[in-house]
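Notes follow once the structure below has been shown.
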Amino acid sequence: MAHKPEMIPLEPDPVSTGEGSLIQSFTVLVPPNGHISKSRFPLPGRTAFFILTFHLEFFPCFLRLSCSWSVFRDEKRFWHNYMIRGGKMLNEVTISRAIIEQYMKKLTDALELDVAIVGGGPSGLVAGYYLAKAGKKVALFERKLSIGGGIWGGGMMFNELVVQEESRQILSEFDIAPTFFEEGYYTLDSVYLTTTLIHKAMLAGLKIFNLIGIEDVVIKNARVAGLVMNWGAVSTLGYHIDPLTLHAKYVLDATGHDADITRVLVKKMNVRLATESGGIVGEKSMDAPVAESQTVENTGEVFPGLFVSGMAANAVHGGYRMGPVFGGMLLSGQKAALDILEGLGHG
Ligand code: 48F
């Protein structure tokens, strides 16, 4: 069987491709041209195939060309692998190196931000979307494995939730069409809402780091100027491991009912917040209609450099809870983004 050499360009990953070296790889399939000689390869009666893969990497000051090769002994296995892997041979070490290098690049890039968002619930995701869309350097940190906070579970694990008329402009920005239930009430599949918010926010340029918990803030000149981070599992396990730090012009506490970031600031720095009492007032019981408008009203800067949104805003200012109606959460995220943009001097 005669095979023509082929070149297979790799598609770059649109989300993880950042600044830095641009890697281009191409694979050349070398035709076997019959059987490989017994003296060089002990493969009597079999066809062997060479795969040569060239990697071209661009660095700021130099260019690196490298090559790797593999031999397939078995024709059937070769074609099977070739077809399903698009001609690219897998190497476990390359897989590990790719993950480590790409993650380090992404995390290093997030050490100096315009805005650092803590919490991957609805308000954090929506804020991240609008900030990224406005061209700001913004990253979101979530200590759990999955992003989405309280959206996934809908109401009492029935994976449907309710949104109101007021939030429909945000839903259409995200290309989400809710289902009409009755006048003023729309429903949404909570899995659909979660995944779409994440997807659109990342496409807009929001960088998301799951499994990273924020345990403290950075203070500079009496202002919140960054975050102190550690693996989410470190606090779960109760290990004593020193954290790492990032700087941000603004921090958004979108940590939900716990208002974790504002709480740690008050506890450690004994500061006065821009709330009625000067401290964390604490969340009140259920009153959905009141809570929905309070969530938006309470969204804002509570200490220089620190904004609150979503349920964290209600916990800090003493607002009511509202349960599985999510319009206020989406609107709060949008308001947080607009206020922060103003703080950043965005025109
Ligand atoms: O609670 P959550 O969904 O925040 P939200 O945007 O939305 C609230 C609603 O989901 C719901 C509601 C609607 O009517 O009342 O509760 O206010 O998501 C907050 C996320 O923050 C993460 C937490 O795991 C959750 O996913 N989180 C909390 N503390 C930290 C954190 C921390 N210290 N570091 C990182 N992530």
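All ligand and atom numbering here is 1-based and tracks the order in the structure. Model, not experiment: these values are computed from the prediction.
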side-chain hydrogen bond (donor to acceptor under 3.5 Å, both in side chains): pairs with one or both residues in residues 190-202, sequence neighbours excluded
Asp175-Lys200
Report the part of [X] in contact with ligand 1, treating N, CA, C, O as backbone and CB onward as side chain, heavy atoms under 4.0 Å; options are side chain, backbone, both, neither.
X: Asp260; value: side chain
X: Ile212; value: backbone
X: Met311; value: both

Give me the nearest non-hydrogen protein atom to [atom] as residue plus atom name, then the distance to 0.1 Å.
atom: atom 16 (O) of ligand 1; answer: His257 NE2, 3.1 Å
atom: atom 8 (C) of ligand 1; answer: Met329 SD, 3.6 Å
atom: atom 21 (O) of ligand 1; answer: Gly119 CA, 3.2 Å
atom: atom 1 (O) of ligand 1; answer: Gly256 CA, 3.5 Å
atom: atom 9 (C) of ligand 1; answer: Phe326 CE2, 3.7 Å
atom: atom 36 (N) of ligand 1; answer: Arg143 N, 3.2 Å

Check whether more than 12 heavy atoms from other residues, nucleotides or ligands sit under 6.0 Å from atom [atom1] of [X], and answer yes or no.
X: Glu342; atom1: CD; value: no
X: Phe181; atom1: CZ; value: no
X: Met156; atom1: CE; value: no
X: Lys137; atom1: NZ; value: yes
X: Tyr239; atom1: OH; value: no

Shortest non-hydrogen contact between Lys136 and Leu341, atoms and distance
CG-CD2, 3.7 Å
Which atom names give the shortest non-hydrogen contact between Thr275 and Gly279, and what distance separates them?
OG1-O, 2.7 Å
Taking distance alone, with N or O pairs closer than 3.5 Å, would you say Ile214 contacts ligand 1?
yes
Checking the N or O distance criterion of under 3.5 Å, is ligand 1 in contact with Glu142?
yes
Considering Ala312, Pro324, Ser123 one by one, which has a heavy atom nearer to atom 6 (O) of ligand 1 than any of the others?
Ser123
Of Gly323, Ala254, Gly150, the one whose closest heavy atom lies nearest atom 13 (C) of ligand 1 is Gly323
Asp109/Lys207 ion pair, N-O < 4.0 Å
no
Numbering the atoms of ligand 1 from 1, which are under 4.0 Å from a heavy atom of [X]?
X: Gly310; value: 17 (O)
X: Phe141; value: 35 (C), 36 (N)
X: Met322; value: 13 (C), 14 (O), 15 (O)
X: Gly213; value: 34 (N), 35 (C)

Is Val271 reachable from Val224 through a run of hydrophobic residues whose side-chain heavy atoms are each under 4.5 Å from the next?
yes
Hydrophobic cluster identity match, Leu331 and Leu131, side-chain contacts under 4.5 Å:
yes
Does ligand 1 have any atom sitting under 4.0 Å from a heavy atom of [X]?
X: Val325; answer: yes
X: Arg321; answer: no
X: Glu215; answer: no

Parallel, tilted or perpendicular: which one describes the rings of Tyr129 and Phe174, with boundaries at 30° and 60°?
tilted
